[in-house]
> 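Below: one structure in structure tokens.
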Amino acid sequence: QVQLVESGGGLVQAGGSLRLSCAASGRTFSSLSVGWFRQAPGSEREFVATITRLTGSRNYAESVKGRFTISRDNAKNAVYLQMNSLKPEDTANYYCAARTGSWGFPPQEAHYWGQGTQVTVSS
């Protein structure tokens, strides 16, 4: 099994930045495809950003393109989400998710989920 633990969330003013971290244990991290998802109160969990296991290819939701950057450090068993120019609509609980092998990133196909970290952006 793989355990994922998110950190780095908090309260920030609009226009500010946060860097989320997802620490993984229990499996070789380089074998995992990883994504960030978020869920606002009363809403479904939605895709934010993903990074593949082989080439580190990145993909982003249209709403965060140009503002968020996903990266990974296999030596540290970690994936990061750098969030810049934050907006109130970015407010949500952010989750790290992963699966072994290739992943087209539908959230229902994730093998592992972290507990989430709250991001709140004030106006």
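What you see is a predicted model, and the numbers here were worked out from it, not measured in a lab. All residue numbers in this chain count up from 1 along the given sequence.
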> Membership question, hydrophobic clusters at under 4.5 Å side-chain separation (ILVMFWY): are Y60 and I51 in the same one?
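The answer is yes; both residues are in one hydrophobic cluster.
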> Check whether more than 12 heavy atoms from other residues, nucleotides or ligands sit under 6.0 Å from atom CD of E109, and answer yes or no.
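Atom CD in E109 is crowded, with more than 12 foreign heavy atoms closer than 6.0 Å.
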> Considering non-hydrogen atoms only, spot the tightest contact between V2 and A24 and give its length.
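Shortest heavy-atom contact: CG1-CB, 4.4 Å.
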> Looking at every non-hydrogen atom in both residues, tell me the closest pair between D90 and V121 and how far apart they are.
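In terms of heavy atoms, the two residues are closest at CB-CG2, 4.3 Å.
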> Can you confirm whether S71 sits close enough to V79 that some side-chain heavy atom of one is under 4.5 Å from a side-chain heavy atom of the other?
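No - every pair of side-chain heavy atoms lies 4.5 Å or more apart.
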> Mind checking whether F47 and W36 have ring centres under 6.0 Å apart?
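Not under 6.0 Å, so no.
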> Would a hydrophobic clustering, with Ile, Leu, Val, Met, Phe, Trp and Tyr connected at side-chain separations under 4.5 Å, put V12 with L81?
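The answer is yes; both residues are in one hydrophobic cluster.
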> Hey, are the side chains of E44 and E46 touching, using non-hydrogen atoms and a 4.5 Å cut-off?
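No, every pair of side-chain atoms sits at 4.5 Å or beyond.
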> For F105, enumerate each residue passing the ring pair (Phe, Tyr, Trp, His ring centres under 6.0 Å) test, keeping only those at least two apart in sequence or located in another chain.
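Checked F105 against ring pair (Phe, Tyr, Trp, His ring centres under 6.0 Å); matches are W103.
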> Determine whether more than 12 heavy atoms belonging to other residues, nucleotides or ligands lie under 6.0 Å from atom CD of E89.
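Atom CD in E89 is crowded, with more than 12 foreign heavy atoms closer than 6.0 Å.
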> Under a single-linkage definition using a 4.5 Å side-chain heavy-atom cutoff for Ile, Leu, Val, Met, Phe, Trp and Tyr, are V119 and I70 assigned to the same hydrophobic cluster?
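Yes, V119 and I70 fall within the same hydrophobic cluster.
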> Is the Lys NZ or Arg CZ of R19 less than 6.0 Å from the centre of Y80's six-membered ring, within 45° of the axis?
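Output yes; distance and angle both within limits.
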> Determine whether L4 and C22 satisfy the following criterion, side chain to side chain contact (heavy atoms under 4.5 Å, CB included), listing intermediate values before the conclusion.
CA-CA 6 Å; L4 303 174; C22 175; 4.0 Å; yes
> Regarding N84 and S17, do their side chains bring together a donor and an acceptor under 3.5 Å, going by distance alone?
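Side-chain D/A pair, N84 to S17: present.
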> Got a second to check how far R38's CZ is from M83's CE, nearest 0.5 Å?
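The distance works out to 9.0 Å.
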> Within 45 degrees of the axis of the six-membered ring of F29 and under 6.0 Å from its centre: does R72 put its NZ or CZ there?
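Positive - R72 is close enough to the ring of F29 and near enough to its axis.
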> Are W113 and V34 grouped together when hydrophobic residues (ILVMFWY) are joined by side-chain heavy atoms under 4.5 angstrom apart?
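Result: no, two separate clusters.
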> Provide the closest heavy-atom pair for S30 versus N74 in the form atom of the first, atom of the second, distance.
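Of all heavy-atom pairs spanning S30 and N74, the closest is CB-ND2, 3.6 Å.
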> Would you sort out whether T69 and R58 count as a side chain to side chain contact (heavy atoms under 4.5 Å, CB included), showing the intermediate values?
CA-CA 9 Å; T69 302; R58 301 164 180 174; 3.7 Å; yes
> Is the shortest side-chain heavy-atom distance between R99 and L32 below 4.5 Å?
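No, their side chains stay 4.5 Å or more apart.
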> Is the backbone N or O of G9 less than 3.5 Å from a side-chain atom of T117, with the two atoms forming a donor-acceptor pair by type?
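Yes: the side chain of T117 pairs with the backbone of G9.
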> Please evaluate residues K87 and R67 with respect to the criterion side chain to side chain contact (heavy atoms under 4.5 Å, CB included), reporting the C-alpha separation (whole Å), side-chain torsions for both, the decisive distance (0.1 Å), and the verdict.
CA-CA 10 Å; K87 304 174 180 179; R67 300 188 298 120; 3.9 Å; yes
> Return the CG to OG distance between D73 and S21, rounded to the nearest 0.5 Å.
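Between D73 CG and S21 OG, I get 10.5 Å after rounding to 0.5 Å.
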> If you measure only the distance, is there a donor-acceptor pair under 3.5 Å linking the side chains of S122 and Q13?
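On atom types as modelled, these side chains do not qualify, holding no pair under 3.5 Å.
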> Taking the inter-plane angle between the rings of Y94 and F68 on a 0 to 90° scale, is it parallel (under 30°), tilted (30 to 60°) or perpendicular (over 60°)?
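Rings of Y94 and F68: tilted, 30 to 60°.
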> Under a 3.5 Å distance rule, please check whether E6 uses its side chain to pair with a backbone N or O of Q115 as donor and acceptor.
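Flag set: sc E6 to bb Q115 pair under 3.5 Å.
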> Identify whether Y95 and V64 are in the same connected component of the hydrophobic contact network (ILVMFWY, side-chain heavy atoms under 4.5 Å).
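No, Y95 and V64 fall in different hydrophobic clusters.
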